[in-house]
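Would you mind keeping the following structure in view while I ask a few things?
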Amino acid sequence: MMQPDLFGTARPDVLLSAGALFLPDFARAQVGRLHAHIQSIAAGSPFRHMLTPGGRCMSVATTSCGSFGWTSGRGGYRYMAFDPETRQAWPHMPPIFRELAYQAAARAGFAEFRPDTCLVNRYAPGARLSLHQDLDEGDMNAPIVSVSLGLPAVFLWGGAERRDPRRRITLCEGDVMVWGGDSRMNFHGVEPVQAAAGAGEHGACRYNLTFRKAR
DNA sequence: AAGTTTCT
DNA sequence: GAAA
């Protein structure tokens with residue numbers, strides 16, 4: 001254990017579906033450190049707007065840290081061991097990132113989660129992520145852990161099929177979502193981020209950390 | 001294919 | 001939300 005009580009939550013957990021747990025405020029006490037690490041990661045592997053396989057520019061800007069990074073392009077979605085922009089390894093995953101993912105997964109019933117990649121998404125106002133499934137990972141037994149920072153956003157939580165009804169959940173700074181098991185393939189997305197009335201402490205963007213086991 | 005616009 |  002790194003240190004006790006780094007993470008925790010005042011508000012109660014919310015079970016969304018089997019294997020899907022919303023942990024409000026779970027990372028709230030560490031958001032300053034998490035933002036600082038995002039800045040360091042972006043200094044090594046800058047945020048960039050990738051193209052979808054269809055050739056459209058994503059509204060979300062992405063980078064990664066860890067052993068692999070998620071990439072998208074004409075050739076499809078891929079996890080790569082090297083950043084194709086810098087031609088160097090992705091920045092290392094900070095220990096506090098690993099610990100956060102580990103503790104959140106354990107709380108949701110997924111023991112011993114050892115993510116090998118963390119996708120870092122930056123949502124400027126207007127950016128969104130249309131409904132999709134996470135299908136590119138080699139280990140579907142491992143859950144997904146998602147950490148929200150900066151501006152709030154409405155998260156869409158759907159079911160195993162695209163036509164299934166969706167629940168709209170506002171995710172705020174420090175909130176954590178975990179899904180795996182029977183919910184691992186559920187459709188999900190993010191509605192367009194609204195600009196904040198007042199400038200936030202860490203800039204007027206939403207950031208999201210997504211931890212996965214790519215291989 | 002992790003988009004976008006338009007119509008209903 | 002559906003359609004293109």
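Quick note on labels: first sequence line is chain A, next is B, and so on, each numbered from 1. Scope of the values below: all heavy atoms of this structure, side chains included, with no hydrogens, waters or symmetry mates.
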Checklist entry - Are A/Ser146 and A/Asn208 close enough that a side-chain donor and a side-chain acceptor fall under 3.5 Å? => result yes
Checklist entry - What's the NE2-C1' distance between A/His49 and B/dT4, to the nearest Å? => result 16 Å
Item to check | Nearest-Å distance for atom pair CZ/C1', residues A/Arg78 and B/dA1 | outcome: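 Going from CZ in A/Arg78 over to C1' in B/dA1 covers 15 Å.
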Checklist entry - A/Ser130 near the nucleic acid: base, sugar-phosphate alone, or nothing, with a heavy-atom cut-off under 4.0 Å? => result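 Sugar-phosphate only.
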Item to check | Counterpart residues, salt bridge (Lys or Arg N to Asp or Glu O under 4.0 Å), relative to A/Glu137 (two or more places apart) | outcome: A/Arg184, A/Arg212
Checklist entry - Rounded to the nearest Å, what distance is computed from the NE2 atom of residue A/His132 to the C1' atom of nucleotide B/dA1? => result 11 Å
Next on the checklist: Let's see if you get this right: which residues in residues 119-129 of chain A place a heavy atom under 4.0 Å from DNA chain B?
Outcome noted: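 Nucleic-acid contacts, sorted: A/Arg128, A/Leu129.
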Next on the checklist: Is a donor from one side chain sitting under 3.5 angstrom from an acceptor on the other, for A/Asn186 and A/His188?
Outcome noted: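 No, no side-chain donor-acceptor pair sits under 3.5 Å.
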Item to check | Any pair counted as salt bridge (Lys or Arg N to Asp or Glu O under 4.0 Å), so long as it reaches residues 167-181 of chain A, sequence neighbours left out | outcome: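 For residues 167-181 of chain A, and leaving out neighbouring residues, the salt bridge (Lys or Arg N to Asp or Glu O under 4.0 Å) pairs sorted by first residue read A/Arg11-A/Asp175, A/Arg168-A/Glu191.
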Checklist entry - Between the side chains of A/Arg48 and A/Thr62, does any donor sit under 3.5 Å from an acceptor? => result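 Distance-only check fails for A/Arg48 and A/Thr62.
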Next on the checklist: For a quick check of understanding: with a heavy-atom distance under 4.0 Å over all strands, which category does A/Arg74 fall into, base, sugar-phosphate or nothing?
Outcome noted: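 If one applies the 4.0 Å heavy-atom cut-off, A/Arg74 turns out to touch nothing in the nucleic acid.
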Next on the checklist: Using whole Å, what does the distance between atom C1' of nucleotide B/dT4 and atom CG of A/Leu131 come to?
Outcome noted: 15 Å
List, with names and distances, any nitrogen or oxygen atoms from the protein found under 3.5 Å away from nitrogen or oxygen atoms belonging to nucleotides 1-4 of chain C.
from: C/dG1; atom 1: OP2; to: A/Arg166; atom 2: NH2; distance (Å): 3.4

Item to check | Cluster companions of A/Leu51 among Ile, Leu, Val, Met, Phe, Trp, Tyr (side-chain spacing under 4.5 Å) | outcome: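 Grouped by the 4.5 Å side-chain rule, A/Leu51 forms a cluster of one, so the answer is none.
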Donor-acceptor contacts, no H, no angles, side chain residues 12-21 of chain A, under 3.5 Å, sequence neighbours left out:
from: A/Asp13; atom 1: OD1; to: A/Arg107; atom 2: NE; distance (Å): 3.3
from: A/Asp13; atom 1: OD1; to: A/Arg107; atom 2: NH2; distance (Å): 3.4
from: A/Asp13; atom 1: OD2; to: A/Arg107; atom 2: NE; distance (Å): 3.0
from: A/Asp13; atom 1: OD2; to: A/Arg107; atom 2: NH2; distance (Å): 3.4
from: A/Ser17; atom 1: OG; to: A/Trp157; atom 2: NE1; distance (Å): 3.3
from: A/Ser17; atom 1: OG; to: A/Ser183; atom 2: OG; distance (Å): 2.9

Next on the checklist: Whether A/Arg162 engages the ring of A/Phe187 as a cation-pi pair (distance to the six-membered ring centre under 6.0 angstrom, angle to the ring normal within 45°) should be assessed.
Outcome noted: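 So A/Arg162 doesn't make the cation-pi contact.
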